[in-house]
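Residue numbers run from 1 in the order of the sequence given.
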Amino acid sequence: MTEQSADRPAGRRYSGRTSAERVQQRRTALLDAALELFGTQGYAAGTVKQLCGIAGLTERYFYESFRDREACLATLYDETTAQLRERTVAALGTAGSRLDDVITAGLAAFIGYLTEDPRRARVVLIEVVGVSARMEQRRHGVLRDYAELVAGLWAAARAQPLPERSRLTCVTVVGGVNHLLVDWLMDGRTTDPDDLVTVCANVFAAVRATDPALADEI
């Protein structure tokens, strides 16, 4: 029995897997291929044929899971950023009560997830930029989500809402972390990720200490 065989009735098992399980397996293989292709050669240079070649599937099975190449990139981006957020939030919950420690733990998890596999960083930070208006909305939504996450941490530490000026400050520092990682990628990944965490933690602490709406109450 081959992957090219005609679809079987849902629920029946072939090679120990149901039809739905085989569809999911093919989808996973295509996303793994997309991470490799887009994360090394780039989205613009990658084709559906190349994706299927890496996944070991015919193009028919690509369109079983994705409308087009952009839809594949969007799914890869959504799943990668979801895993990134999950790891970041988990780190925040185990860092203790000091705000600086919480922020540093979150930064270490965030930066660690992207730098331990530079393909993830390239897809999340570079390859999705400017692809389409829809993709830009996705990317903006992720950045905005992290800005709101940081604002929530600071507001909780002060037990009061943050004013608009401080929310904009959170957008600024999150954008700074994003661009520092872009610079790390473009500069050949020569900087130790631990140094990136230290730099970002110092920036967050400095902003919090100088902005009255973010500074710790003593």
Side-chain angles (χ1 to χ4, degrees), residues 20 23-57 59 61-92 106-152 170-189 193 196-197 200:
V23 169
Q24 181 60 43
Q25 183 180 47
R26 290 190 289 265
R27 180 180 182 277
T28 299
L30 286 164
L31 288 173
D32 289 343
L35 178 62
E36 174 62 22
L37 183 61
F38 300 156
T40 57
Q41 298 182 39
Y43 173 72
T47 66
V48 170
K49 183 176 181 179
Q50 288 174 304
L51 283 171
C52 293
I54 295 171
L57 298 168
E59 292 186 34
Y61 288 110
F62 177 87
Y63 295 105
E64 172 186 65
S65 294
F66 306 108
R67 180 183 66 256
D68 52 25
R69 195 168 53 102
E70 183 180 327
C72 181
L73 176 66
T75 301
L76 177 62
Y77 180 74
D78 288 349
E79 293 195 1
T80 304
T81 54
Q83 292 163 8
L84 173 61
R85 194 183 196 285
E86 181 179 356
R87 183 181 294 191
T88 302
V89 171
L92 295 175
L107 286 167
F110 181 92
I111 292 172
Y113 180 83
L114 292 176
T115 57
E116 70 188 26
D117 186 345
R119 298 176 304 171
R120 297 171 182 164
R122 180 167 175 175
V123 168
V124 170
L125 302 172
I126 295 177
E127 295 305 321
V128 297
V129 176
V131 169
S132 68
R134 289 189 303 273
M135 195 66 72
E136 282 300 295
Q137 285 294 324
R138 266 188 166 84
R139 192 171 71 87
H140 176 72
V142 168
L143 290 172
R144 174 62 64 86
D145 180 63
Y146 278 102
E148 292 176 353
L149 180 63
V150 172
C170 293
V171 173
T172 301
V173 292
V174 166
V177 173
N178 185 83
H179 188 71
L180 181 64
L181 285 165
V182 171
D183 185 76
W184 173 80
L185 275 173
M186 300 301 290
D187 198 37
R189 310 195 300 272
L196 300 179
V197 174
C200 291

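- The stretch residues 175-185 participates, sequence neighbours left out, in no salt bridge (charged side-chain N to carboxylate O under 4.0 Å, His left out) pair at all.
- Rounding to the nearest 0.5 Å places CD of E59 at 7.5 Å from OG1 of T47.
- No side-chain heavy atom of V131 sits under 4.5 Å from any side-chain heavy atom of R139.
- A cation-pi contact, defined as under 6.0 Å to the ring centre and within 45° of the axis, links R120 to Y113.
- Looking at every heavy atom in both residues, L180 comes nearest to C200 through CD2-SG, 3.5 Å.
- Inter-residue side-chain proximity for Y77 and E127 is flagged as unmet; no heavy-atom pair is nearer than 4.5 Å.
- Within the 4.5 Å cutoff, no side-chain heavy atoms of D32 are placed close to those of E36.
- From T40, atom OG1 reaches atom CG of L37 across 6.0 Å, with rounding to the nearest 0.5 Å.
- Counting heavy atoms from C-beta on, the side chains of Y63 and V48 come closer than 4.5 Å.
- Across L107 and V197, no two heavy atoms sit closer than the pair O-CG2, 4.2 Å.
- Counting heavy atoms from C-beta outward, L31 and E79 have side chains that approach closer than 4.5 Å.
- L84 is not listed as a side-chain neighbour of V142, based on a closest heavy-atom distance of 4.5 Å or more.
- Among all heavy-atom pairs drawn from E70 and S132, the shortest one is OE2-OG, 2.6 Å.
- Scanning both residues, C72 and L51, for their nearest heavy atoms gives SG-CD1, 4.3 Å.
- Atoms CZ and CG, from R189 and L196 in turn, are 12.5 Å apart once rounded to the nearest 0.5 Å.
- What you find for A109 and A91 is that their closest heavy atoms are CB-CB, 3.6 Å.
- Looking at heavy atoms from C-beta onward, T81 lies out of side-chain contact with D145 at the 4.5 angstrom threshold.
- Scanning both residues, P118 and L185, for their nearest heavy atoms gives O-CD2, 4.1 Å.
- For residues 118-151, the pairs satisfying ring-ring contact (aromatic ring centres under 6.0 Å, His included) are F110-Y146, with sequence neighbours left out.
- Heavy atoms of other residues, nucleotides or ligands lying less than 6.0 angstrom from CD of E148 number more than 12.
- Contacts classified as ring-ring contact (aromatic ring centres under 6.0 Å, His included) and involving residues 31-50 (residues at least two apart or in different chains) are given here: F38-Y43.
- The shortest distance between side-chain heavy atoms of T75 and R27 falls below 4.5 Å.
- For the atom pair I54 CD1 and Q50 CD, the distance stands at 6.5 Å (nearest 0.5 Å).
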